[in-house]
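Residue numbers begin at 1 in each chain, while the letters A, B, ... track the order of the sequences.
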Amino acid sequence: MAIKIASWNVNSIKIRAEAVADWLREAQPDVVCLQEIKCQDSNFPRTIFEDIGYNLAILGQKSYNGVALLSKWPISDVTAGLPTMKDDEQARYLEALIGLPGEAIRVASIYLPNGNPPDGAKYDYKLEWLAALQDHARTLLTYEETLILGGDYNVIPEEADVHNPAAWRGDALFKIETRQRFRRLLGLGLTDAFRLCSSEPGQYSFWDYQAGAWQKNLGIRIDHLLLSPEAANRVQQSGIDKHVRGREKPSDHVPVWAILN
DNA sequence: ATGCCGGGCGAAGCCCGA
């Protein structure tokens with residue numbers, strides 16, 4: 001059977017619950033990685049999603065960050081937080097096994113630190129987090145499973161993924177050290193699902209709320225689904241649900257997805 | 001152009017995002 005996996009930074013699940021449910025009904029993903037839910041587990045609007053057939057795993061945090069997994073199939077073996085970063089106080093990583101008919105796949109929802117300003121403690125934290133993810137991903141890849149690391153990576157991989165590369169050169173999302181770390185992650189054997197399916201430039205997943213960025217299509221591609229070789233071999237399609245950004249009260253990010261056979 | 005929106009918190013105005 002075909003499996004549809006998606007990732008979406010929703011910028012508050014409480015504000016966005018109905019919009020997310022609308023998109024789930026039309027897009028029908030099997031598994032969704034959510035980021036920036038911005039609430040504690042106890043305040044997550046669970047029933048809205050359970051009522052339309054999704055199981056939930058949540059790693060919440062008051063006010064900031066927070067990640068979750070939604071799945072039409074049973075969720076088990078949940079890992080909350082990066083095992084390689086035990087003292088992380090921010091809710092940015094949630095991994096689980098998804099029990100599909102006849103097989104299990106492993107999925108993680110990732111909210112990588114933004115890192116700006118690009119020359120201080122916040123950037124150091126971003127690099128530390130990337131290194132910890134690198135270490136954990138290396139372990140996960142030894143399992144040789146169908147593995148999807150989906151999330152808001154806060155990394156613009158290439159010039160084709162930003163409207164104005166020159167203006168972003170020094171930014172924590174695009175500076176060369178950031179892109180090198182991301183490339184190193186791919187070097188472990190992970191594949192960017194979207195780039196596996198399209199070489200088209202200017203395909204964005206985020207547009208700032210300010211300065212008419214959406215209207216002018218001044219976006220960046222920072223939300224990614226990274227696949228193990230076992231997952232990459234099964235990819236049929238990958239896309240970005242850009243139209244969602246034009247709706248009422250949108251998140252500044254849109255869903256990205258991939259279909260595996 | 002880092003604060004032009006938008007959200008959290010909490011009840012005004014500040015912190016944060018990318």
Side-chain angles (χ1 to χ4, degrees), chain A residues 7-20 23 33-45 48 58-68 88-93 109-130 133 150-179 181-182 194 202-224 240 242 244-256:
Chain A
S7 178
W8 192 6
N9 177 324
V10 293
N11 187 17
S12 170
I13 193 60
K14 286 188 280 185
I15 286 284
R16 217 75 61 199
E18 286 301 337
V20 174
W23 172 78
C33 307
L34 298 179
Q35 301 86 37
E36 279 210 271
I37 61 170
K38 291 186 170 178
C39 69
Q40 293 169 303
D41 297 19
S42 54
N43 292 327
F44 194 101
I48 292 175
I58 303 164
L59 178 63
Q61 179 179 341
K62 191 176 182 178
S63 307
Y64 307 113
N65 311 313
V67 286
D88 194 6
E89 291 175 358
Q90 302 187 20
R92 296 181 174 275
Y93 185 89
S109 180
I110 291 172
Y111 179 44
L112 228 132
N114 171 302
N116 278 309
D119 52 3
K122 290 193 173 182
Y123 192 68
D124 293 342
Y125 175 59
K126 180 176 196 162
L127 293 184
E128 187 188 348
W129 214 96
L130 269 162
L133 179 60
D152 174 2
Y153 280 77
N154 272 313
V155 175
I156 301 166
E158 303 292 344
E159 295 204 347
D161 302 312
V162 52
H163 61 276
N164 183 354
W168 285 78
R169 186 162 299 128
D171 193 278
L173 280 66
F174 192 55
K175 62 186 282 191
I176 196 67
E177 291 87 342
T178 304
R179 294 162 61 194
R181 299 286 182 126
F182 187 74
F194 183 77
Q203 302 301 300
Y204 306 133
S205 66
F206 168 93
W207 296 259
D208 202 295
Y209 287 120
Q210 300 177 84
W214 164 245
Q215 288 77 9
K216 299 179 207 163
N217 194 29
L218 304 181
I220 51 181
R221 193 174 71 90
I222 55 175
D223 299 274
H224 310 298
I240 303 175
K242 179 179 178 177
V244 173
R245 185 65 175 79
R247 293 183 173 171
E248 288 296 309
K249 301 265 301 171
S251 169
D252 39 6
H253 298 249
V254 297
V256 302

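Classification of the A/Trp129-A/Tyr93 ring pair by plane angle, with boundaries at 30° and 60°, yields tilted.
As judged by a 4.0 angstrom heavy-atom cut-off over every strand, A/Lys122 is placed among residues touching the sugar-phosphate backbone only. Counting non-hydrogen atoms under 4.0 angstrom, A/Asn43 reaches nothing in the nucleic acid. Using a 4.0 Å heavy-atom criterion, one finds that A/Tyr111 contacts the sugar-phosphate atoms exclusively. Using a 4.0 Å heavy-atom criterion, one finds that A/Asn65 contacts no nucleic acid atom at all.
Rounded to the nearest 0.5 angstrom, A/Ile58 CD1 and A/Cys39 SG are separated by 7.0 Å.
Closest to the side chain of A/Tyr209, out of B/dG8, B/dC5, B/dC9, is B/dC5. Residue A/Ala211 places its side chain closer to B/dC4 than to any other of B/dC4, B/dC5, B/dC15. Closest contact between the side chain of A/Asn116 and the listed nucleotides B/dG10, B/dT2, B/dC15 involves B/dT2. The side chain of A/Gln210 has B/dG3 as its nearest neighbour among B/dG3, B/dG17, B/dC9.
Between A/Glu158 and A/Arg221 no salt bridge is recorded (no basic side-chain N to carboxylate O distance below 4.0 Å).
The distance from atom CD of A/Glu36 to atom P of B/dC9 is 13 Å, rounded to the nearest whole Å. Atom pair A/Phe206:CZ and B/dG6:P shows a separation of 12 Å (rounding to whole Å applied). The separation between A/Gln215 atom CD and B/dC4 atom P is 17 Å, rounded to whole Å. As rounded to whole Å, 20 Å separates atom C1' of B/dC16 from atom OH of A/Tyr123. Rounded to a whole Å, the CH2 atom of A/Trp214 is 17 Å from the C1' atom of B/dG6. In this structure, A/Ile15 places its CD1 atom 16 Å from C1' of B/dC16, rounding to the nearest Å. A/Gln90 has its CD atom 17 Å from the P atom of B/dC15, to the nearest Å. With rounding to whole Å, A/Ile13 atom CD1 is found 13 Å from B/dG7 atom P.
The side chain of A/Lys38 places no N or O atom within less than 4.0 Å of a non-bridging phosphate oxygen (OP1 or OP2) of B/dC16. The phosphate of B/dG7 has OP1 or OP2 within less than 4.0 Å of a side-chain N or O from A/Arg16.
Donor-acceptor pairing under 3.5 Å is lacking for the side chains of A/Asn116 and A/Lys122.
Between A/Leu112 and A/Ile37, it is A/Ile37 whose nearest contact on DNA chain B lies nearer the 5' terminus. In terms of position on DNA chain B, the residue among A/Asp152 and A/Cys39 whose nearest nucleotide sits closer to the 5' end is A/Cys39.
A/Arg179 forms a cation-pi arrangement with A/Phe174, by the criterion of a distance under 6.0 Å to the ring centre and an angle within 45° of the ring axis.
Taking the C1' atom of each, B/dT2 and B/dA11 are spaced 27 Å apart, rounded to whole Å. Rounded to a whole angstrom, the distance from the C1' atom of B/dA12 to that of B/dA1 is 26 Å. For B/dG10 and B/dC15, the C1' atoms lie 13 Å apart once the distance is rounded to whole Å.
Residue A/Asn11 forms a side-chain hydrogen bond (donor to acceptor under 3.5 Å, both in side chains) with just one option from A/His253, A/Gln35, A/Glu36, A/Lys38, and that option is A/Lys38.
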